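Sharing a structure below in structure tokens format, with a few things to ask.
Computed from a predicted model, the values in this text were never measured in an experiment. Proteins come first, then strands; the chains are lettered A, B, ... in the order of their sequence lines, and each starts at number 1. Reckoned from all heavy atoms, side chains included, excluding hydrogens, waters and symmetry mates.
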Protein chains: 2
Amino acid sequence: MIDPSDVIPKYYQLANILRQQIENEDFQPHDPIPSERQLESHYNLSRPTIRQAIDLLSRQGYLYRVHGKGTFVSPPKLQKGILELTSFSEDMRNRGLTPGHKILEFGYVKPNSETKRHLEITDDKKKVLRIKRLRFGNDEPIGLQDSFLSLNSGLDITREEIEKRGSIYAILQEKFGIYPTEADETLEVTLATREEAHLLKIQEGSPLLLNERTLWSQDRKAIEFVRILYRGDRYKYFVRLTRKQ
Amino acid sequence: MIDPSDVIPKYYQLANILRQQIENEDFQPHDPIPSERQLESHYNLSRPTIRQAIDLLSRQGYLYRVHGKGTFVSPPKLQKGILELTSFSEDMRNRGLTPGHKILEFGYVKPNSETKRHLEITDDKKKVLRIKRLRFGNDEPIGLQDSFLSLNSGLDITREEIEKRGSIYAILQEKFGIYPTEADETLEVTLATREEAHLLKIQEGSPLLLNERTLWSQDRKAIEFVRILYRGDRYKYFVRLTRKQ
DNA sequence: TATGATAACTGGTAAAGACCACTTAACATC
DNA sequence: GATGTTAAGTGGTCTTTACCAGTTATCATA
């Protein structure tokens, strides 16, 4: 069950085994899993390793512990996908829609002061990559996305890559090893200007959902500031929150 | 510095010391903190204990680790308040406004099917506590909140307690030891009905921000389903997200 | 000068053992 | 029957020790 020669750490192997058992519904919600001592002898691992695996699954929302009683399976509603940052493409696929996009603007620009503030840029000469796109779900216009990327010199994304891959985040990860790890988002209501209304095929003055996001990578550098205008009649924002700790 | 006789665990004491040093700006952003071996001899603690403290602060966003290089201080933007579930009252105070409320309805009702679904109620006889309130910031109407609480029998909240304390979450925590730990939220745009417009002192048909939330406690029981209508011209929703793990 | 090995650092994983605090059920006592 | 005690279970904390893996600067070598 646990392969000591595997490059995957033992605690991670055990976490995978337990996660699979939970997803297979070998345990029912609020059922206790075997105690740490039982797992210790069953898998022939030390207790700290067992605890490391259970820690991981607790943080991910699969299990919860009760001191003196045991460790229990969280009901399915609370499993999986806890706080995942998702791109527009991922988001659309999660909703069962086929994502699409049309690039309206692409190129390096001098950021305005608001963008500089969000991207924590102090260098006056620094340029950012602006990508303005109309976003579709099942070929219907859903949102208008205006993205400003702060990339280190040397790192570059071409228009062709965006056209082909669709998701900026996928390119950042695959090409540069940059992973979005944290984001601040705001949501508010605005009314469509004439231009926005035209692009989104709605009436001028229709209510829109404005989503602004600043994104940080795993080394805590601000990498993107993006404004997304969603059609008020076609889009519902979803988020899952957990309390500190 | 570390008091072994204290009831507070050593790893937690150390985390508090380090957090305070970070907040005092003893370290600059992206500065390395002392290595785990250095902390080990400095505080006379074992390395696992040191690591437990650093784990905690990393999860809370104060520190980040780089294998082979060291552990570094996250810039202030990313510190503190990572994913804290906040009540309306907390939210208003965070924005520098004085929260207020007026109770419009209060009492036990049979939940409709949507509410039952959100609160995961299967018992047809179960009743829920409905609290409908108009919410103010600096005495100006900001939002219309309709809350449905699923409490175990024996637990009860009175109208007077709400009037006095303001925050339902504060009562749940202080009176029953129930802590909100996880929530699903959606946000979308709607238009004010005549009644809503009247209460919020806006024009009928004005755009509103509709926030729906299902809340779970630490034992993973659904405790609240709430709909909050915010004035589109007065409210901006804020959330901080982190990637899984 | 350029290259590559090495050593000394960093955090990551793992074991074994100990004791504490909380929970529960079985038991003895009143 | 009600009450309090005890023992055995649970997870929570902590130490000591060991080795692995990534990073970096130094130094010997080509």
Side-chain angles (χ1 to χ4, degrees), chain A residues 1-18 27 30-59 61-74 177 179 181 218-220 245, chain B residues 1-18 27 30-59 61-74 177 179 181 218-220 245:
Chain A
M1 304 185 165
I2 302 284
D3 178 2
S5 64
D6 200 329
V7 288
I8 299 171
K10 292 182 183 178
Y11 80 91
Y12 206 85
Q13 291 185 47
L14 175 60
N16 285 337
I17 291 171
L18 292 174
F27 304 112
H30 302 295
D31 268 5
I33 65 167
S35 76
E36 298 180 355
R37 270 80 171 183
Q38 285 168 3
L39 291 171
E40 198 176 343
S41 60
H42 187 284
Y43 289 102
N44 202 25
L45 294 171
S46 71
R47 194 163 157 235
T49 305
I50 303 284
R51 284 182 62 78
Q52 212 173 345
I54 294 178
D55 279 348
L56 183 61
L57 292 175
S58 302
R59 280 203 301 279
Y62 288 94
L63 297 174
Y64 64 99
R65 305 201 226 227
V66 181
H67 191 176
K69 295 183 77 171
T71 303
F72 304 86
V73 175
S74 299
Y179 293 86
T181 25
Q218 71 269 36
D219 60 356
R220 268 53 178 184
Q245 274 235 44
Chain B
M1 302 188 163
I2 302 283
D3 178 2
S5 65
D6 200 329
V7 287
I8 299 170
K10 293 182 182 178
Y11 79 92
Y12 206 85
Q13 291 186 47
L14 175 58
N16 284 337
I17 291 171
L18 292 174
F27 304 111
H30 301 295
D31 268 6
I33 65 166
S35 76
E36 298 180 355
R37 270 81 170 183
Q38 285 168 3
L39 291 171
E40 197 177 342
S41 59
H42 187 284
Y43 289 102
N44 201 24
L45 294 172
S46 71
R47 198 165 153 231
T49 304
I50 303 284
R51 284 182 62 78
Q52 211 174 347
I54 294 179
D55 278 348
L56 183 62
L57 293 175
S58 302
R59 280 203 301 279
Y62 288 94
L63 297 173
Y64 65 99
R65 305 202 226 227
V66 182
H67 190 176
K69 297 184 76 172
T71 302
F72 304 87
V73 175
S74 300
Y179 294 86
T181 20
Q218 71 270 36
D219 61 356
R220 269 54 180 182
Q245 269 234 47

Check: B:Phe27 and B:Pro34 side chains under 4.5 Å, non-hydrogen atoms: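 In contact.
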Interatomic distance, B:Tyr64 OH vs C:dT10 P [rounded to whole Å]: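 Value for this atom pair: 17 Å.
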Heavy atoms under 4.0 Å is the rule here; annotate nucleotides 10-18 of chain D 5' to 3' with B where the base is hit, S where only the sugar-phosphate is, and - elsewhere. BBBBSBB-B
Would you indicate whether the side-chain heavy atoms of B:Thr49 and B:Tyr43 approach each other to under 4.5 Å? no
If the condition is salt bridge (Lys or Arg N to Asp or Glu O under 4.0 Å), which residues does B:Glu36 pass it with, not counting sequence neighbours? B:Arg47, B:Arg51, B:Arg65
Is the backbone N or O of A:Ile8 less than 3.5 Å from a side-chain atom of A:Gln13, with the two atoms forming a donor-acceptor pair by type? yes
Is there side-chain contact between A:Ile54 and A:Leu39, with at least one heavy-atom pair below 4.5 Å?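 In short, these two side chains touch, coming nearer than 4.5 Å.
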Nearest whole Å is fine: how far is C:dC9 C1' from B:Leu39 CG? 15 Å
How long is the line joining CG of A:Asp3 and C1' of C:dA14, in whole Å?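 The distance from CG of A:Asp3 to C1' of C:dA14 comes to 15 Å, rounded to the nearest Å.
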